[in-house]
2 protein chains.
Amino acid sequence: MDFEQADAVNQAIRLLSLRHRARAAALLAPLGLHPGQEVLLLELARTGPMIQAQISEAIGCEPPSVTLMTRKLEASGHITRTPAPSDRRASVVELTDSGRALADQVKQLWCTLAEETVTGLPAQTVGDLPGVLRTLAGNVDTRQPRPSHGRRAPA
Amino acid sequence: MDFEQADAVNQAIRLLSLRHRARAAALLAPLGLHPGQEVLLLELARTGPMIQAQISEAIGCEPPSVTLMTRKLEASGHITRTPAPSDRRASVVELTDSGRALADQVKQLWCTLAEETVTGLPAQTVGDLPGVLRTLAGNVDTRQPRPSHGRRAPA
DNA sequence: GGATAAATATTATGCACATAACTAATATGT
DNA sequence: ACATATTAGTTATGTGCATAATATTTATCC
């Protein structure tokens, strides 16, 4: 691949990252949320109570980041953290009533953002988009070891 | 759009942002660069000397961020900042020899990253990718005022 | 069962990027 | 020409996320 194309791809990803995040921040601000926190709320709403290690895995953030996120959401009363009975290292994270209500609002907002984001694209492209983006993300996943080249790792 | 789809889109963008940036960071580290700095070097290599306000516009970062980026790249000797003769507010940013050499290395690395990123996607999809991503980024641009809905603002 | 390894969470620290508030220089309007 | 508005850049501050180092608990292996 020549530099022009490569730059187009990398730059576009970078710009999209900045803008999408900024727009999410603008939409979340009225709810008193900062970007990143919404992901945690949605994950808890989807999956139910879970420990931080599971959250870390689910939302793709490192444990120290999860510590900070949960601490802040706990401080604002949207989640609780209780020691796990079976494992005294772990702490179970759970939505409060306030958190559940907020998650519902976030869901709506999430739809608004997604629709806004894909405006003007043909339905076909929109349908393929999540798969394509996930492939891209998987290809540059720094957690998994780099496959030597071109071949996909087996399941 | 229902929540499932919206979440798929938003989450995929978020994950791609995190991973692509992390991978870029891993590749740039051996060159002594942090992600973000490479964009400035490439822009200077492409366009030539420019003042910070132009850089801010070109790379999509706010002026205070540009101040920090340029300061650090100046400290590491890859760029110079000289007062503009015609406008004493502005400072002209320019690549040094070291910066030009580094930019060449970054170009190669940029190709590696892009190829790695799009691995496994059909050529058609890869070809369309920059355009699609730029559309997405444009749709959520917080700088431009939001069009009330669906209509594009006139030039 | 006692040493050792692994897992969970946290603290400390560093980076990019943002907004708000500010200074200094240039344009502009009467 | 002078008051005013705009523009270029900086400083101060706050956010998310990362890595490295650390305690504490649990699992594993003779």
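Worth knowing before you read on, the calculation uses all heavy atoms, side chains too, and leaves out hydrogens, waters and symmetry mates. Just so it is clear: chains get the letters A, B, ... in the order the sequence lines come, proteins before strands, and each one is counted from 1.
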>> Under 4.0 Å, heavy atom to any atom of DNA chain D: which of residues 60-68 of chain B qualify?
In response: B/Pro63, B/Pro64, B/Thr67
> With nearest nucleotides of DNA chain C determined for B/Pro85 and B/Gly36 from heavy-atom distances, which residue corresponds to the more 5′ nucleotide?
Replying inline: B/Gly36
> To the nearest angstrom, how far is B/Ile59 atom CD1 from C/dA16 atom P?
Replying inline: 12 Å
> Can you list every salt bridge (charged side-chain N to carboxylate O under 4.0 Å, His left out) pair that touches residues 117-128 of chain A, not counting sequence neighbours?
Replying inline: none
> For C/dT8, does OP1 or OP2 lie under 4.0 Å from any side-chain N or O of A/Arg81?
Replying inline: no
> Between which nucleotides of DNA chain D, 5' to 3', does chain B make heavy-atom contacts below 4.0 Å?
Replying inline: D/dT7 to D/dC17
> What's the CD-P distance between A/Glu74 and C/dA9, to the nearest Å?
Replying inline: 13 Å
> How is the hydrophobic cluster of A/Ile51 composed, in terms of its other members, when Ile, Leu, Val, Met, Phe, Trp and Tyr link through side-chain heavy atoms under 4.5 Å apart, directly or indirectly?
Replying inline: A/Val92
> Considering only heavy atoms and no angle criterion, is a donor-acceptor pair shorter than 3.5 Å present between the side chain of A/Arg89 and the base of C/dA9?
Replying inline: no
>> Nearest whole Å is fine: how far is C/dA9 P from A/Met50 CE?
In response: 11 Å
> Got a second to check how far B/His78's NE2 is from B/Leu31's CG, nearest 0.5 Å?
Replying inline: 8.5 Å
> Thinking salt bridges, do B/Glu74 and B/Arg71 make one under a 4.0 Å N-O criterion?
Replying inline: no
> When rounded to the nearest 0.5 angstrom, what distance separates CD in B/Glu38 from CG in A/Asp7?
Replying inline: 9.5 Å
>> In whole Å, I'd like the distance from the CD1 atom of A/Ile55 to the P atom of C/dT10.
In response: 11 Å
> Who else is in the cluster with A/Val118 when I, L, V, M, F, W and Y are joined by side-chain contacts under 4.5 Å?
Replying inline: A/Met1, A/Val9, A/Ile13, A/Leu16, A/Leu121, A/Val126, A/Leu129, A/Val132, A/Leu133, A/Leu136, B/Met1, B/Val9, B/Ile13, B/Leu16, B/Val118, B/Leu121, B/Val126, B/Leu129, B/Val132, B/Leu133, B/Leu136
> With sequence neighbours excluded, what pairs up with B/Arg14 under the side-chain contact (heavy atoms from CB on, under 4.5 Å) test?
Replying inline: A/Val39, A/Cys61, B/Gln11, B/Leu18
>> Just the rounded figure in Å: distance from P of C/dC17 to NE2 of A/His20.
In response: 18 Å
>> From CE of A/Met69 over to C1' of C/dT11, roughly how many Å is that when rounded to an integer?
In response: 18 Å
> About how many Å separate CG of A/Leu44 and CG of A/Leu40, when rounded to the nearest 0.5 Å?
Replying inline: 5.0 Å
>> Without decimals, in angstroms, what is the distance between B/Leu28 CG and C/dC15 P?
In response: 15 Å
>> For a quick test of reading the model: is some side-chain N or O of A/Gln52 closer than 4.0 Å to OP1 or OP2 of C/dA7?
In response: no
>> Under 4.0 Å from OP1 or OP2 of C/dT26: is there any side-chain N or O of B/Arg88 that close?
In response: yes
> Can you tell me how far P of C/dC15 sits from CG of B/Leu33, to the nearest Å?
Replying inline: 13 Å
> If you pin A/Asp87 and A/Arg14 to their nearest nucleotides in DNA chain C, which one's is more 5'?
Replying inline: A/Asp87
>> Would the distance check show the side chain of A/Asp2 and the main-chain N or O of A/Gln5 forming a donor-acceptor pair, the cut-off being under 3.5 Å?
In response: yes
